[in-house]
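First up is the structure itself, then whatever we jot down about it.
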Amino acid sequence: MIIPHPLLGPRDAQEFVYLGDASLMNRPDGMTAGIEAFHDWLYQRDNPAGIHRELWYHEQGDRSWLVVTRNTLTHEILGAELARDVARAMGRTK
Amino acid sequence: MAEPLHALTALGRPEPLDETIGALRLTERIDIALASLAVRKGREGDVAAAAAAAGIPLPDPARHAAGPTHAAFWVAPGMWFLEAPFATHEDIVARLRPVFGDAASITEQTDAWICLDLSAPDLVPLFERLCAVDLAAVPEGHATRTVIEHLGCYLIVHGRGAVRLLGPRSSAASLVHALQVAAASLG
Amino acid sequence: MTQTHRLAGGQIDRSRTLRFSFDGLPYLGHPGDTLASALLANGVRLMGRSFKYHRPRGPLSAGSEEPNALVELRGGARREPNTRATVVELFDGLEAASQNRWPSLRLDALAINDRLSSFFAAGFYYKTFMWPAAFWEKVYEPLIRHAAGLGSLSGAEDPDSYDKGFRHCDLLVIGAGPAGLMAALTAGRAGARVILADEDFRMGGRLNAETFAVGGMAGADWAAAAVAELGALPNVRLMTRTTVFGAFDDGIFGALERVSDHLPEPLPGRPRQTLWRIYARRAILAAGATERPIAFENNDRPGIMLAGSLRAYANRWGVAAGSRVAIFTNNADGLRSAIDLQAAGVEVAAVIDARPDAPPDAPPLPGIRHLRGAEVIDSAGRLGLRAVTLRHANGRTEVLRVDALGVSGGWNPNVNITSHHGSRPVWDPAIAAFVPGAGGPRGLVAAGAAAGALSTHGALAGGQAAALAVLGDLGLGARAEALPEAEDAPVSIVPKWHVGDGRGRAWIDQQNDVTVKDVVLAHQENFTSAEHLKRYTTLGMATDQGKTGNVIGLAVMAELTGRTIAETGTTVYRPPYTPVALGALAGRSRGPEFKPVRRTPSHVWAAEQGAVFVEVGMWLRTQWVPRPGETHWRESVDREVLATRRSVGICDVTTLGKIDIQGTDAGAFLDRIYCNTFSTLPIGKCRYGLMLREDGMVFDDGTTARMGEHEFVMTTTTANAVTVFRHLEYCRQVLWPEMDVQIISTTEAWAQFSVAGPNARRLLARIVDQDISDAAFPYMAAGEVTIGGLRARLFRISFSGEEGYEIAVPARYGDALIRRLMAEGRDFDAVVYGTEALGVMRVEKGHVAGNEINGQSSALNMGLGRMVSRKKDAIGVVLSQREGMVDPGGYRLVGVRPVDPAGRLVAGSHLLEQGAAAVIANDLGWLTSKVFSPHLGSDIALAYLRGGEGRIGQRLRAVNLLARPATETLVEITSPHFLDPEGERLRG
């Protein structure tokens, strides 16, 4: 597969490490959330046949974590964003 | 004070490698000091200004650029590797700290890498056996990380016939072996 | 022997003669020959025995679709079984041997299987070798393996090397026949970066095998001119002898280049084959079409081949496969073979045309009997064809004495690669064949015969149109130039799959010996879907993947079920298109080059000392260093341990991961990474840290030092250096992008040595320029020092339990530092200790390592529960408090000693109460790490034990049921700290 890196253009997926569902970005706050919330966040996943947002790490590249949108039925990659930008857009800024 | 320690190259030799295999000249560079420079949060402007004042280029993603004493290439968002002559900049971190103050995180990288200069009339036939970089298509000054025989390396393109490779120091022998074998296989 | 069957003409170089041998007999051929064409030229058509029935077989085809003519090529270690003689390029000195026969090809004992064929029908193995189950491994399998299978491996290591490579292009053209050449010309002339790949050693595809003209010249000449033009274009790369065998995601193609297969052995340094990963923005599949036979009784004799191949041998190689031939066809293309063979001087006895209404004069057959509505019903000849029996339209039968028969059942477009992503080919009744379906690999389009355009004009036009579309897509302007003139005969075909009622043996898949009868049986037993049919009968398996047989099998099944072929459907093709050697997939990564090696800075020195190295990850670490007279590893290890504890020992710990962490939030960041606190760590100090995963299990551990207000140096375990770094990037980019943290690995930058033992400080004081007295540099101090003015880092930490330091210098000085330490330490009897001694000392001290940090253990399990701080949000803290993980009766780390000091412990042994049966219900835990402690003079072990703290002092059994016989040792449970539990040694 080829992943369209937002900074580096098309790169072979062999350079990346796959983590999983991008919902992992929504980590609960460990000071306020309890075991149930952490459990659901860590273990409960959708398994969509179709569009899936997932985390990939450009380990053999610029070390960026990306949010890649992929169609699990066709492997077509519909986009890739820097995870840091996505996280900040989710409000993770000081 | 105790006696100074002697240095060995990444290949465990006293002298750097300088070898010709067919059309390829492979030269190990031990005369380059290397440091990483990473912008601290919100200090992009300060770093850019300090770099400009010191004549240190901070190129765009996937680019390498040379300045009067320092050359630099992009390695990650907000991070560059800076090259300087080892003879004058062995203590590269100590020399860069005053330039950037607390606006950047600076880490010595000199000994983390084996630095190899490759030259040949055309390096495309060699590199197409080594990595996925499209050497024939990338512009001069292209800098990227790539994988050569399982080893993560930085590749800096100074032309179709001139490439610099930075490979992990501990695997220097494996990397050089891979280059030698590939060069020999071109026949 | 002489080349008795050589005709005039062909694309062979008659000025040179090549010698080769087959089954030990010498023959002559010419450059340009394949092994099959050269053997046929010498009158040899018996080339192998079939897989199951050991039927005599000759080549069916003249290309990569060949099911029959499989030979062992070359001798010695280079012997390669199952090589298709039809694609082996002849070279001087070539040695080939037939396979699957004993004692000889002409007289094969197992040909008895043919007489017993009624027992060997489809499903025979499934039904027969079922019971008793115990017989399978010892009786049935060896028996079957001996009887079946084709060639045999040399058993020796492959002496050749294989390369891998990467190529990039705008357009990959797969196949260099008329469609591919035209596509490449169109795109190449427009300036696109083009790769044109063809499996053949001569580009041109069918143009090399045909007599008709293209652009007013012989087709082969037009092809040669096109290839010459393409070769002169700098933006076009021609890859002959290269099979594009698979389409992978997003325009990545696998291609195998047979760099040296046409040579007796590779030139020095050159690979045998190269596996290319081709990155193509667009691709055109111009792979042509493959002819298929018609099944009739005994249609597998040597001399019976595809009609198009019969004429290919005549036209391209100047070879007459027989002296008197007949053609059996259901379509107009078969007639071309008759015409070409007759023109070449071969007697053509008849064209047996299954089409009752075959149009007259299309094309004309001067002086050849054209038997419309006739069919071949049987053949004769023990080791090769002597005669065929045909049945005329009026039912009369006739025996025709011929020694070769060309059969054409129509042409199948080579759609294979279009279905590599799951797209199913669709049936096109107009040409009675499957054509590419929708939804194939993105960016790939089929053109020419591969797309079902079976005329030369159709191929040229299709190739041009596909290339123009690609150029448009890529924004490269181009105009349609006039196409060279070429034949554009329509397809005239009346589907004919097999002759007869299915009771005799009419071969469909000659490689797997699948007959019409087997398909009938599959139908009877309700294996009627295309996928079931394949697996039940083995139709379409093995090296040829059913290129000639699949569609016939499906058609017969369609007949039997009363469905159409479209309804029956086909199996989906998967890579590879033709076989790819495992050696090519491995490339250079084999033997000592399987993966790169990482060497520590003291490697050269250690090797000089005769160190024994062990691979840890990719690192080569010193395991122990034997001294003269030491004959057993334990002697060396015991000595290293005792010498370290007595005086001073040195160990290269460069392999531990080192990560530089800077930024104004570095301390706060570490508080979230480690379950214990780092923000409070004073500058110039280090602390042991424990990292959890979010599920609460321990991830990694190590010592992290604070070098400045905003600057830390983290140490990870050797094994987890990469994953910890990845995790830190994840945390700082994805989880907490608001934090000001920068990280970079410095593992490779520093040579780091552990110096441990009562004399460690005295030794270091001789080397380090600064005062490192206990007052100036106390336990857990960290800081920058110099050695003869050279920058160095010193950490006062210990894994061994002794007063210990780790000292680091820039990696280039690592060799000098170890030499300096050993020289200065001579009067202390300083030793170097390896990973074994390190392991002994850490078990003696009760430190956890990889065996305890096994991914299933928490801080509490390790006796480190108090490190988990609830005052802050850190990875893994919340879920480490789950009910099951805080069970007071859960596993705890303990020490284990045999009650009898001479007793032996075995790592992995399970702990049981005395008197309890060794069953899982009674299991209390297991020994994680075991060493011999020279200090205590007995085996000791660490263990996870249920309710461990409460059991200290108890006696249990350590049982190992995996040993034969099982072992059992009475043990005492102790604290995991076997040595100096108060840590007095550490503080010196």
Side-chain angles (χ1 to χ4, degrees), chain B residues 1-10 12-13 22 30 36 38-43 75-79 90-91 94 102 104-113 127-134 136-137 149-151 168-175 177-178 181-187, chain C residues 161 163-168 193 267-271 274 277 279 588-589 593 595-601 603-604 618-619 654 660 662-665 710-711 738-740 742 744-751 766-769 786-791 809-817 820:
Chain B
M1 206 160 81
E3 301 230 331
L5 299 172
H6 70 264
L8 286 190
T9 70
R13 306 174 185 189
I30 59 167
S36 64
V39 180
R40 291 207 170 151
K41 187 173 154 56
R43 304 296 295 275
V75 295
M79 185 183 268
E90 177 171 358
D91 54 345
D102 63 357
S105 296
I106 300 164
T107 304
E108 181 168 329
Q109 286 287 308
T110 307
D111 281 23
W113 306 90
F127 274 92
E128 68 180 14
R129 280 165 176 79
L130 293 173
C131 64
V133 174
D134 187 2
E149 286 291 327
H150 312 282
L151 298 171
R169 181 186 187 95
S170 64
S171 300
S174 294
L175 176 62
H177 178 70
V181 167
S185 80
L186 296 178
Chain C
S161 58
D163 261 344
K164 287 189 188 180
F166 308 80
R167 279 182 176 162
H168 306 259
R193 285 175 86 188
L267 298 172
R270 299 275 289 161
T274 300
R277 187 176 176 88
Y279 298 84
R588 299 276 179 187
S589 301
E593 295 175 16
K595 60 186 179 199
V597 168
R598 299 178 79 179
R599 290 186 176 153
T600 65
H603 186 89
V604 172
M618 295 193 303
W619 288 100
T654 301
D660 219 54
Q662 298 188 40
T664 53
D665 292 320
H710 303 309
E711 191 177 346
E738 71 278 11
M739 296 186 108
D740 177 31
Q742 295 80 42
I744 187 156
S745 167
T746 58
T747 304
E748 308 261 329
W750 297 88
R766 295 177 180 180
I767 290 172
V768 173
D769 301 335
T786 56
I787 297 173
L790 174 71
R791 292 158 299 126
V809 290
R812 68 181 66 192
Y813 300 106
D815 178 81
L817 181 56
R820 176 75 54 86

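To find a chain, count down the sequence lines: A is the first, B the second, and so on, and within it residues start at 1. What you see is a predicted model; the values in this text were computed from it and never measured.
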Atom CG of C/D660 and atom CD of B/E108: how far apart are they, to the nearest 0.5 Å? 10.0 Å
Under the side chain to side chain contact (heavy atoms under 4.5 Å, CB included) rule, collect the residues that match up with B/A94, sequence neighbours excluded. B/D91
Partner chain B: residue of C/P596, C/G165, C/G269 with the largest heavy-atom pair count (under 4.5 Å): C/P596
By a 4.5 Å heavy-atom criterion (distance strictly below it), what part of B/A173 contacts chain C: side chain, backbone, both, or neither? side chain
If only atom types and distance count, is the side chain of C/R820 paired as donor or acceptor with the main-chain N or O of B/P4 below 3.5 Å? yes
How long is the span from the NE2 atom in C/H710 to the CG atom in B/D102, to the nearest 0.5 Å? 7.0 Å
To the nearest 0.5 angstrom, please state how far the CD atom of B/E90 sits from the CG atom of C/L790. 7.0 Å
For side-chain contact (heavy atoms from CB on, under 4.5 Å), just list the numbers for B/E149 and C/E593, CA-CA rounded to whole Å, side-chain angles, deciding distance to a tenth of an Å, and then say yes or no. CA-CA 9 Å; B/E149 286 291 327; C/E593 295 175 16; over 6 Å; no
So which residue, B/V39, B/T107, B/L130, ends up with the most heavy-atom pairs under 4.5 Å with chain C? B/T107
Could you have a look at C/H603, C/R277, C/R791 and say which one has the most heavy-atom pairs with chain B under 4.5 angstrom? C/R791
Do you know which of B/C131, B/A137, B/A10 has the most heavy-atom pairs with chain C at a distance under 4.5 angstrom? B/C131
Determine whether a donor-acceptor pair (N or O, by modelled atom type, separation under 3.5 Å) exists between the side chain of C/E748 and the backbone of B/Q109. no
Looking at C/V809, C/T746, C/V597, C/T654, which one has more heavy-atom pairs under 4.5 Å with chain B than the rest? C/V597
Got a sec, which residues hit side chain to side chain donor-acceptor pair (under 3.5 Å) with C/D163, two or more places apart in sequence or on another chain? B/S185, C/R588
From OG (B/S36) to CD (C/Q742), nearest 0.5 Å: 9.5 Å
Options B/T110, B/I106, B/L175, B/T9, ranked by heavy-atom pairs under 4.5 Å with chain C, top entry: B/I106
Assess whether side-chain contact (heavy atoms from CB on, under 4.5 Å) is satisfied between C/V604 and B/R13, documenting all intermediate values. CA-CA 9 Å; C/V604 172; B/R13 306 174 185 189; over 6 Å; no
The reported gap from CE in C/M618 to CG in B/L151 (rounded to nearest 0.5 angstrom) is 6.0 Å
Segment of B/V75 engaging chain C (4.5 angstrom heavy-atom cut-off): neither
How many angstroms lie between CD in C/E711 and OG in B/S105, if you round to the nearest 0.5 Å? 8.0 Å
Can you tell me if C/H168 uses its side chain to pair, donor with acceptor, with the backbone of B/A132 under 3.5 Å? yes
Under a 4.5 Å heavy-atom cut-off, does chain B meet the side chain of C/T747, its backbone, both or neither? neither
Short side-chain to backbone donor-acceptor contact, C/D740 and B/K41, under 3.5 Å: yes
